[in-house]
Amino acid sequence: MPPLTRGRAIDRGIPNNLMAEYYSQRTGVGLIITEGTFISNQANGWVNAPGIYTEEQTEGWKQVVSAVHAKDTPLFMQLWHCGRASHSSFHDGRLAVAPSAIKINEEYIHTPQGKQPHETPRALETEEIPQIVEDYRKAAENAKRAGFDGVEIHSANGYLLDSFLQSKTNQRTDKYGGSVENRYRFLKEVVEAVITVFPSRRVGVRLSPNGVYNDMGSPDYRSTFLYVAQELNSYGLAYLHILDGLAFGFHELGEQMSLAEFRQVFTGAIIGNCGYTQTTAEAAIREGNADLIAFGRAIISNPDLVERFANNWPLNPDPELKIWYSPGKEGYTDFANYQAS
Ligand SMILES: Cc1cc2nc3c(=O)[nH]c(=O)nc-3n(C[C@H](O)[C@H](O)[C@H](O)COP(=O)(O)O)c2cc1C
């Protein structure tokens, strides 16, 4: 189960009973990765997404952890900083932060005050970066205290770490910008901070080399992401989680990057994702390009996805967009398991 933001943490980003029930319904998969979870107040950029930076949030996660562990399913938390994909109305009027002052060229963003046009973010000062690295470390520590088995560092989909990696959004001239080594430095520092909390085999990293989501896609995408994967290979991470599929949009700047390419430079476990079916997933594993495949939309509407695959039972259709982030039970915990007639 890949990270899936569902916007049900309606009280100060604190996980609740309903969220525990939702995750519990989806146990039985090889690994559950939680929805993106904010590492700090500054990281926030999504209405009613949870956090892991206050005591109350950390306490709230414990009920999710115990519900999932009660059914013997391992659970990782995805650590998230939205970066420029946020808005001043999340931050008492202060601008969102980014590697460079480059605005997302898309229509609007959902904010606590409804849909608003994107704003040009503020470029982070070099001196501010160590505090954000420390926020990741502290968030990992809180996740560990809450009982998580590990964490996934969200470095995909145009959020803060991805926007540092990519030349389209990183035009810095300090040690965090310019060469690919410099653009990778922030992620490297975050990985090295987080593995002081969890052993590296309990830490995964997510990348989206093909994605256009949040106005991403850089001409040097291939050399950038191969470099990053090669560097990450040295840590003995739990896995590299790659959105290789194009089902969430492709930047079309060249050939799609494939899992096979990542296999050449990354020798640890690889999770593939995005638009897979049971057939294409099994092929990717059989061909040796992936160790796991994550199913996002399918597990929203099929809590018993594993049994359905195993028994060749039909799947419910993908969930409608209108229930992805709507508050409450509808479209969240009300998908039934398959009933054989
Ligand atoms: C409702 C919804 C919420 C998502 N939230 C996140 C998230 O918090 N973090 C993340 O890395 N990806 C997120 N994604 C992307 C999914 O993890 C996954 O990459 C995407 O759904 C494609 O996989 P699929 O074709 O199996 O659905 C989200 C996708 C959906 C549909």
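Both ligands and their constituent atoms are indexed starting at 1 by order of listing.
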Is there at least one pair of N or O atoms, one from [X] and one from ligand 1, spaced under 3.5 Å apart?
{"X": "G275", "answer": "yes"}
{"X": "Y276", "answer": "no"}
{"X": "G296", "answer": "yes"}
{"X": "Q78", "answer": "yes"}
{"X": "P2", "answer": "no"}
{"X": "R6", "answer": "no"}

Which atoms from ligand 1 have a heavy atom of [X] less than 4.0 Å away?
{"X": "G36", "result": "8 (O)"}
{"X": "F295", "result": "26 (O)"}
{"X": "C274", "result": "22 (C), 23 (O), 25 (O)"}

Which protein non-hydrogen atom lies closest to [atom], naming both residue and atom, and how far is it?
{"atom": "atom 12 (N) of ligand 1", "result": "R206 NH1, 2.8 Å"}
{"atom": "atom 4 (C) of ligand 1", "result": "T5 N, 3.3 Å"}
{"atom": "atom 29 (C) of ligand 1", "result": "L4 CD2, 3.7 Å"}
{"atom": "atom 20 (C) of ligand 1", "result": "F248 CE1, 3.7 Å"}
{"atom": "atom 17 (O) of ligand 1", "result": "P3 O, 2.7 Å"}

Name the residue from Y136, Y184, Y176 that meets the side-chain contact (heavy atoms from CB on, under 4.5 Å) definition with E189.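 By the side-chain contact (heavy atoms from CB on, under 4.5 Å) criterion, E189 pairs with just one of Y136, Y184, Y176: Y176.
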Mind checking whether [X] contacts ligand 1 via backbone (N, CA, C, O), side chain (CB onward), both or neither, at a 4.0 Å heavy-atom cut-off?
{"X": "L243", "result": "side chain"}
{"X": "W80", "result": "neither"}
{"X": "A247", "result": "neither"}

Do [X] and [Y] touch side chain to side chain, with heavy atoms closer than 4.5 Å?
{"X": "Q230", "Y": "L226", "value": "no"}
{"X": "T34", "Y": "Y23", "value": "yes"}
{"X": "V65", "Y": "F148", "value": "yes"}

Passes side chain to side chain donor-acceptor pair (under 3.5 Å), Q171 versus S100? Steps please. CA-CA 6 Å; Q171 296 179 2; S100 304; 5.5 Å; no
Salt bridge between [X] and [Y], side-chain N to carboxylate O under 4.0 Å?
{"X": "R185", "Y": "E181", "answer": "no"}
{"X": "R12", "Y": "E56", "answer": "yes"}
{"X": "E134", "Y": "K138", "answer": "no"}
{"X": "K168", "Y": "D220", "answer": "no"}
{"X": "E55", "Y": "R145", "answer": "yes"}

Y332 six-ring centre to R8 NZ/CZ under 6.0 Å and within 45° of normal: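 Judged by the rule, R8 and Y332 form a cation-pi pair.
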Nearest to atom 19 (O) of ligand 1 by heavy atom, T34, N273, L207: which?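 Residue with the shortest heavy-atom distance to the ligand atom: N273.
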Taking a cutoff of less than 4.0 Å between a non-hydrogen atom of the residue and any ligand atom, is A298 in contact with ligand 1?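 For ligand 1, residue contact (heavy atoms, under 4.0 Å) with A298 is absent.
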Sub-4.0 Å heavy-atom contact, Y325 with ligand 1: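 Judged by the 4.0 Å heavy-atom criterion, Y325 does count as contacting ligand 1.
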N210 versus L243, closest heavy-atom pair with distance: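 The pair with the smallest heavy-atom distance is ND2-O, 4.1 Å.
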